[in-house]
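Count residues from 1 along the sequence.
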Amino acid sequence: MSAHDDTRKLIVLAVDDEPKGLDELVHCLRNSPHVALVYPAIDASEALRLLSADDPRLADRKSRGLPIVDAVFADIDMPGLSGMEMSRVFAALRPSPALVFVTGHAEEAVNAFDLGALDYVLKPYQQDRLDRAITRVMDKLAANAAPKFGAEGGLGQVKNDDEVIPVELAGTTKLIPRSSVRWVEAQGDYARLFTTDGSHLVRIPLAQLEERWEKAGFVRIHRSFLVSLPLITELRMGQGGYQVVIGNEEKVLPVSRRHTRALKDRLVGANRST
């Protein structure tokens with residue numbers, strides 16, 4: 001299935017406790033050529049009631065092993081059960097729908113992505129911005145439906161359920177896919193992500209990224225560096241000790257003595273499993 005194949009249109013749930021905001025959200029979602037059906041809900045409780053109702057369209061999806069809806073577009077700040085709390089209910093479903101948060105508060109982006117949100121849209125709603133969020137949902141559905149292969153081009157291979165990191169830049173929240181990150185450098189309580197198109201400073205300690213990204217193939221090689229294992233093309237001895245070469249750009253990073261043995265084991269293990 002192509003990420004933009006109109007034969008596979010989305011069924012989505014829109015949740016906002018402000019009636020005007022809900023109307024605008026539903027209007028924008030229905031304007032998308034990739035959306036077949038929108039269920040509106042004025043709060044989280046109504047959203048959960050809708051999904052548990054005896055709707056034959058949703059029952060058919062369950063019988064085919066699909067998420068009860070493809071995506072949930074939910075406000076974060078709602079009375080009673082908040083969007084954050086509601087998201088935990090949806091995350092527990094198997095399979096679970098894609099989650100997109102909509103809110104007027106940019107400072108809540110980090111919490112949203114910690115809960116596994118696929119995207120984060122600021123109010124007031126803009127059609128082009130919601131269209132980009134819908135595209136992300138379509139791409140995720142396509143990725144989930146496609147066979148999972150290891151990344152190519154390095155000494156190791158890894159399966160990857162991608163994550164995005166919000167980066168604040170001049171009042172704009174930019175979403176950086178983890179799959180575009182080649183290596184990370186510690187800068188105090190911050191980390192600098194080096195990607196295919198530049199670098200981005202995020203307020204996340206390197207140790208936290210190391211823990212979160214270990215299963216995605218990132219490995220600590222130095223107290224200051226975390227690298228994507230599949231992109232390591234060479235491990236060699238330099239003047240001050242071991243070094244790794246990243247990808248085809250010949251970027252060389254140091255490997256500390258305490259991390260050398262673990263890195264060698266990871267590289268050998270990755271190649272034995274391929």
Side-chain angles (χ1 to χ4, degrees), residues 1-51 53 55 57-58 61 66-87 89-91 96-109 111-113 115-144 164 166-169 171-177:
M1 180 188 72
S2 167
H4 308 294
D5 184 353
D6 284 349
T7 63
R8 172 66 172 93
K9 293 190 176 184
L10 304 177
I11 294 180
V12 302
L13 175 66
V15 192
D16 193 331
D17 66 298
E18 298 176 355
K20 182 179 179 181
L22 180 60
D23 288 344
E24 292 174 351
L25 177 58
V26 169
H27 175 74
C28 288
L29 291 172
R30 286 177 175 164
N31 272 347
S32 169
H34 300 298
V35 174
L37 183 63
V38 180
Y39 285 89
I42 198 66
D43 57 27
S45 297
E46 183 179 357
L48 296 176
R49 284 197 300 271
L50 278 171
L51 297 189
D55 187 320
R57 291 168 294 191
L58 300 185
R61 292 176 63 84
L66 297 172
I68 193 166
V69 292
D70 293 301
V72 179
F73 287 74
D75 192 7
I76 290 180
D77 296 314
M78 294 185 291
L81 192 67
S82 72
M84 292 284 192
E85 293 166 330
M86 182 184 68
S87 72
V89 177
F90 291 121
S96 58
L99 178 64
V100 177
F101 279 123
V102 292
T103 182
H105 305 287
E107 66 273 10
E108 295 185 85
N111 291 333
F113 286 105
L115 288 173
L118 185 64
D119 206 343
Y120 183 93
V121 179
L122 288 175
K123 298 179 180 181
Y125 302 118
Q126 301 292 328
Q127 185 68 53
D128 61 342
R129 182 63 185 87
L130 278 167
D131 285 344
R132 291 201 301 274
I134 291 168
T135 296
R136 283 183 176 275
V137 173
M138 298 291 288
D139 289 343
K140 181 176 176 62
L141 289 176
N144 288 345
V164 292
V167 176
E168 296 296 328
L169 183 64
T172 300
T173 301
K174 185 176 182 180
L175 305 177
I176 307 300

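Here the closest non-hydrogen pair linking Leu13 and Ala47 is CD2-CB, 3.8 Å. Residues Cys28 and Leu130 share a closest heavy-atom pair of CB-CD1, 3.3 Å. Counting all heavy atoms, side chain and backbone alike, Val69 lies closest to Pro97 at O-CB, 3.1 Å. Summarising the geometry of Gln127 relative to Ser32, their closest heavy-atom pair is NE2-N, 4.4 Å, with the distance given to 0.1 Å.
The side-chain heavy atoms of Leu25 and Val15, taken from C-beta on, include no pair separated by under 4.5 Å. Using a 4.5 Å heavy-atom threshold, the side chains of Lys123 and Asp75 count as touching. Using a 4.5 Å heavy-atom threshold, the side chains of Asp23 and Lys20 count as separate.
Ile134 CD1 to Arg129 CZ: the interatomic distance, rounded to the nearest 0.5 Å, is 10.5 Å. In this structure, CZ in Arg30 is found 7.5 Å from CG in Leu37, a value given to the nearest 0.5 Å. Going from atom CG of Asp131 over to atom CE of Met138 covers 11.5 Å, rounded to the nearest 0.5 Å.
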Exercise. Show the numbers, then the answer: is there a side chain to side chain donor-acceptor pair (under 3.5 Å) between Asn31 and His27?
Key: CA-CA 6 Å; Asn31 272 347; His27 175 74; 3.2 Å; yes
Inset, instruction - Evaluate side-chain contact (heavy atoms from CB on, under 4.5 Å) for Leu29 paired with Tyr125, printing each intermediate quantity in order. - result: CA-CA 10 Å; Leu29 291 172; Tyr125 302 118; over 6 Å; no
I would like to know whether Val12 and Val38 meet side-chain contact (heavy atoms from CB on, under 4.5 Å); could you show each step before the answer? CA-CA 5 Å; Val12 302; Val38 180; 3.7 Å; yes
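A donor-acceptor pair is defined here as one N or O able to donate and one able to accept, closer than 3.5 Å; such a pair exists between the side chain of Asp70 and the backbone of Ile11.
A salt bridge does not link Asp119 with Arg132: every distance from a Lys NZ or Arg NE/NH1/NH2 to an Asp or Glu carboxylate oxygen is 4.0 Å or more.
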